[in-house]
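First the structure, in the form of structure tokens, and then the observations on it.
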Amino acid sequence: MRAELRRTLVGYGFVLPWLVALGLFIGYPFIAGFYFSFCDYPPLRDPLFTGLDNYAELLGDRSFHRAMGVTLIYAAVAIPLGMVFALTLAMLLNARIRGQSIYRVIFYLPHLVPTVAVAILWLWIFNPKFGLLNLVLSGLLGAMDAWAGLFFDVRAALERGNPFHLGSLALPCAAALAFVAFGPPARRLGLGRRAETRLRLGAGACLAIAGVPFLHTAACWLFPADMVKLHSPGWLSDGTPLPACVSFAPSWALWALIVMSMWGVGQMAVIYLAKLQDVPVELYEAAEIDGANWWQKTWHVTLPMISPVILFNAVMAIIGTFQVFTEPYIMTGGGPEDKTRFVAMFVYDQAFQYQRVGYASAVAWVLFLVIVALTLGALRISRGHVYYEGK
Amino acid sequence: MTVAAGAERQAPWYVAFPVHLVLAAGGAFFVLPLVWMFATSLKPLDQTMKYPEGVASALFGIGRTAVIDGVRRAVTLEREVRPSSENRVYIVRAAEGFAAGEMFLPFGPETWRRYPVFNKQELARMEAQVAPGTKLLADDRNRFDPEKGVLALCSGRAVRAELVREVRPDPAGETLWLVREWRPEDTDAKEVGSTAGDISRAWEVLPEREIGRTIREIPQNYPAALRRVRFWRSLANTLFLCAMTVAGAVVSSVLVAYGFAFVEFKGRTALFAVTLATMMIPFPVVMIPVYLLYRNLGWVGSLKPLWVTSWFGNAFFIFLLRQFFLGLPKDLLDAARIDGCSELETLWHVVVPLSRPAIAMVALFTFLGTWKDFMGPLIYLNHPSQFTLSLSLQAFASEHGGTPWHLLMAASTVFSLPLIVLFFATMKTFIRGVAMTGMKG
């Protein structure tokens, strides 16, 4: 009995610092924040309990609605995009080719640049007149226009005219090629496994090269206004939605922040990569013996095996994305027209600029509840889809 | 792409090639911004604010060189000179002094309009005296009469001068340019002090073919940028914070993780579950009350709030270390206990030596987090003498609304470099650490 008591004392001795932290830096602020959210708390005075006033104000506060809307749209675009991008990257980095270690370092490097430096660097890259992005973009678009001109009439497409001319005959040819390479004929030819792979990769490359001008012209035809603007976008200073015909679409400024966030997916990719390398080779061998192709192996072996990491990354992305602060704070200051004022920034402004501690606490709590709800949602959806080895 | 097949076999070329292609394209997206940052940091200001003529000038500043007085110098093109039979141009040497403002400067007003950063210097020059013996350009505005040896100034005064050389139209029909010696410090408005006597900076009139092109890099941007962000002061603050947080995080997290891993006490499981749950609480939620707490302690405006917290453990590191500790061989611990080691002795003599990689990882990640942190310093620090690098850089950027891009990029490069160096120095620990992050699943 005494031994057990002693062990308990020793144990609490070891975790004592953490108990202090739990109480002082997590538990107390957590509960205090909750209490403040029901108070009017002017600077240098005691909080005054006002019940649900702050929350009632939230419901009617347009600028809060805007902030929440921006944050939700940003999350809805940036999280899935980042997850897919990171996973694709990890799978490419896992391919057995030479020079992988160099690629891995390259993709991880941006994660090492401090956030403030990243924000300032991208502010410069997004500079409408002299920035790198518009420089590269105008070069790429020029090349694409020239290439597309062989097949389609881009100018006509921009004016919503008929973009097809003689060169568009390439379109049925491409469809035929796709049918031969990916449809039933490929299997009937009896080429054998390797030749089939080669045929498909070759056809895929041709289609990709021919497909770029097609997609480009299609985009010009569907979104002429956006495509004209794409030749020299104002990025962070442009608050109009992209595509222009969807009013709730992310603004150009928000897209800029999304593009920038893609630059930091290296961390996530490395986490995926570690798990990918952990997938036992026997599983792939077994799948191959069963005659699975690359796609089937990915879908039925790789994805289930790495599903816990996908879930982990999703949860981390949700928690991180909803707290985005530094980038918009430095790059746009919330502008243009609040189109990049995220909730975290809204909280900061309310608490430290306007000294409205009670109201800021209420907003922070709403943010917390949103994060909790989404995280629980992710866990819920994942149930039955995530495979835990050895459990 | 084919992860398949025999363990160590390389992918066939027709798979490897497209994968390389895609990775290289992606790599460009990831690396070009960094290259651009470094390239901009070496450019003169006027080159950053100019539409680049090509790839070379996008990545490097394009400068010009020419031989003046027998010395090859970096020069700028000041203006076109078009001599003709009606408009004769001479290079003369003034025999007596006069005020620079009295003459039409060889670097005419259009030059100043093109480079507004020179305004201060121009003003200084208007006050300057042109010393006897200074080389001057006489043209249709500052007229020179070779027979009488008299230079009629813009102001109406005439001074004596001797002819150095007559500038004739180029026989090949090329444009003649007035080129002026260029120095790196010309690029930074604030760094240009009073350069009153600078009218004598070497210049010459040359045809285009005699003007060479070079890549112009100016490492002088770096000292200028570091001065502006009060680099050494901020670095000292940042390093102090890093040292305190790293020490705090390592000591506290190791202790707590040991307690969770090896000491069985009542409520351990529940406490650990709570620990994990706290990772989900976003910073903005606890930010305000913690701020008020520190304000009541009178610590706002000091570095204390930024490092004290780390001495009480961090949920994520506690979790990582605990997982690592549980993987250690139990026998060693039991042996130590049988030998009569106390818990602390076991921790110090057995667990710590075996967990070096995990502890290094905690130290590394804490260092990284502190170095990069922006919101913490933004909230708690209010005097420039306490600013960390993040905050100094942001202050510098916002104070100028982002014009001196060359200096901002130089400062950003210096700010990022230590982390990149640290990464290469500790690559193994680093990658393993990131991988471990996800392994909890």
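Letters go in sequence order (proteins before strands), and every chain restarts at 1.
Residue contact with chain B, scored on non-hydrogen atoms closer than 4.5 Å, is absent for Phe346(A). At a 4.5 Å heavy-atom cutoff, Leu391(B) makes no contact with chain A through either its backbone or its side chain. Residue Val251(B): no heavy atom, backbone or side chain, is found under 4.5 Å from chain A. For a residue to count as touching a neighbouring chain, one of its non-hydrogen atoms must lie under 4.5 Å from one of that chain's; by this rule Ala411(B) does not touch chain A. Residue Ser342(B): no heavy atom, backbone or side chain, is found under 4.5 Å from chain A. Contact of Ile281(B) with chain A is made through backbone and side chain together, with heavy-atom distances under 4.5 Å. For Leu347(B), the part lying under 4.5 angstrom from a heavy atom of chain A is the side chain only. Neither the backbone nor the side chain of Met268(A) has a heavy atom closer than 4.5 Å to any heavy atom of chain B. Contact of Val370(A) with chain B is not made at all, since no heavy-atom distance falls under 4.5 Å. Neither the backbone nor the side chain of Asp373(B) has a heavy atom closer than 4.5 Å to any heavy atom of chain A. Ile318(B) touches chain A through its side chain: at least one heavy atom from C-beta onward sits under 4.5 Å away, while N, CA, C and O do not. With a 4.5 Å cut-off on non-hydrogen atoms, Phe430(B) touches chain A through its side chain but not through its backbone. When heavy atoms are compared at a cutoff of 4.5 Å, Tyr294(B) approaches chain A solely by way of its side chain, counted from C-beta outward. No part of Gln277(A) comes within reach of chain B, as not one of its non-hydrogen atoms sits under 4.5 angstrom from that chain.
Chain B forms more heavy-atom pairs under 4.5 Å with one residue of Val136(A), Val343(A), Ile371(A), Ile330(A) than with any other, namely Ile330(A). Of the listed residues (Leu393(B), Val290(B), Val31(B)), the greatest number of heavy-atom pairs within a distance under 4.5 Å of chain A belongs to Leu393(B). Top candidate by heavy-atom pairs under 4.5 Å with chain B, chosen from Ile319(A), Val279(A), Leu112(A), is Leu112(A). Top candidate by heavy-atom pairs under 4.5 Å with chain B, chosen from Ile125(A), Thr115(A), Leu9(A), is Ile125(A). The residue among Tyr12(A), Phe368(A), Trp18(A), Tyr272(A) with the most heavy atom pairs within less than 4.5 Å of chain B is Trp18(A). Chosen from Gly204(A), Gly333(A), Ala21(A), the residue pairing most often with chain B at heavy-atom distances under 4.5 Å is Ala21(A). Heavy-atom pairs under 4.5 Å with chain B were tallied for Trp263(A), Phe25(A), Phe30(A); the largest tally goes to Trp263(A).
Atom CG in Leu408(B) sits 5.5 Å away from atom CD1 in Ile120(A) (nearest 0.5 Å). Atom CZ of residue Phe29(B) and atom CG of residue Leu133(A) lie 8.5 Å apart, to the nearest 0.5 angstrom. Here the OG1 atom belonging to Thr326(A) is positioned 11.0 Å from the NZ atom belonging to Lys372(B), to the nearest 0.5 angstrom. Annotation: the span from Leu367(A) atom CG to Phe283(B) atom CZ amounts to 12.5 Å, rounded to 0.5 Å. Note that CG of Leu23(B) and CG of Leu89(A) are 7.0 Å apart. Values are rounded to the nearest 0.5 Å. Leu292(B) CG to Ser361(A) OG: the interatomic distance, rounded to the nearest 0.5 Å, is 8.0 Å.
In this structure the side chain of Val22(B) reaches within 4.5 angstrom of the side chain of Leu92(A), judged on heavy atoms. Using a 4.5 Å cut-off on side-chain heavy atoms (C-beta onward), Val15(A) and Leu255(B) make no contact. Two residues are said to be in side-chain contact when any heavy atoms from C-beta on lie closer than 4.5 Å; Phe36(A) and Pro289(B) meet this criterion. Between Leu22(A) and Phe312(B) the shortest side-chain heavy-atom distance does not fall below 4.5 Å. Trp36(B) places a side-chain heavy atom less than 4.5 Å from the side chain of Leu121(A). Residues Tyr103(A) and His20(B) form a side-chain contact, since some pair of their non-hydrogen atoms from C-beta on lies under 4.5 Å apart. Phe17(B) has its side chain out of reach of Ile97(A): every pair of non-hydrogen atoms, C-beta onward, lies at least 4.5 Å apart. Between Tyr329(A) and Met375(B) the shortest side-chain heavy-atom distance does not fall below 4.5 Å.
Ring pair Tyr108(A)/Phe423(B): centre-to-centre distance below 6.0 Å. For Phe352(A) and Tyr291(B), the gap between ring centers is short of 6.0 Å.
Atom OH of Tyr35(A) sits in a crowded spot, with more than 12 heavy atoms from other residues, nucleotides or ligands closer than 6.0 Å. With a 6.0 Å radius and a threshold of 12 heavy atoms from other residues, nucleotides or ligands, Leu297(B) has its CG atom above the threshold.
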Run the side-chain hydrogen bond (donor to acceptor under 3.5 Å, both in side chains) check on Trp124(A) and Thr40(B) step by step: do they pass? CA-CA 10 Å; Trp124(A) 174 220; Thr40(B) 309; 3.0 Å; yes
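Of the possible donor and acceptor atoms, none in the side chain of Gln323(A) sits under 3.5 Å from a partner among the backbone N and O of Pro284(B). Of the possible donor and acceptor atoms, one in the side chain of Arg7(A) sits under 3.5 Å from a partner among the backbone N and O of Glu264(B). Here the side chain of Trp122(A) pairs no donor or acceptor atom with the backbone of Pro33(B) at under 3.5 angstrom.
Between Gly11(A) and Phe265(B), the shortest heavy-atom contact is CA-CD2, 3.4 Å.
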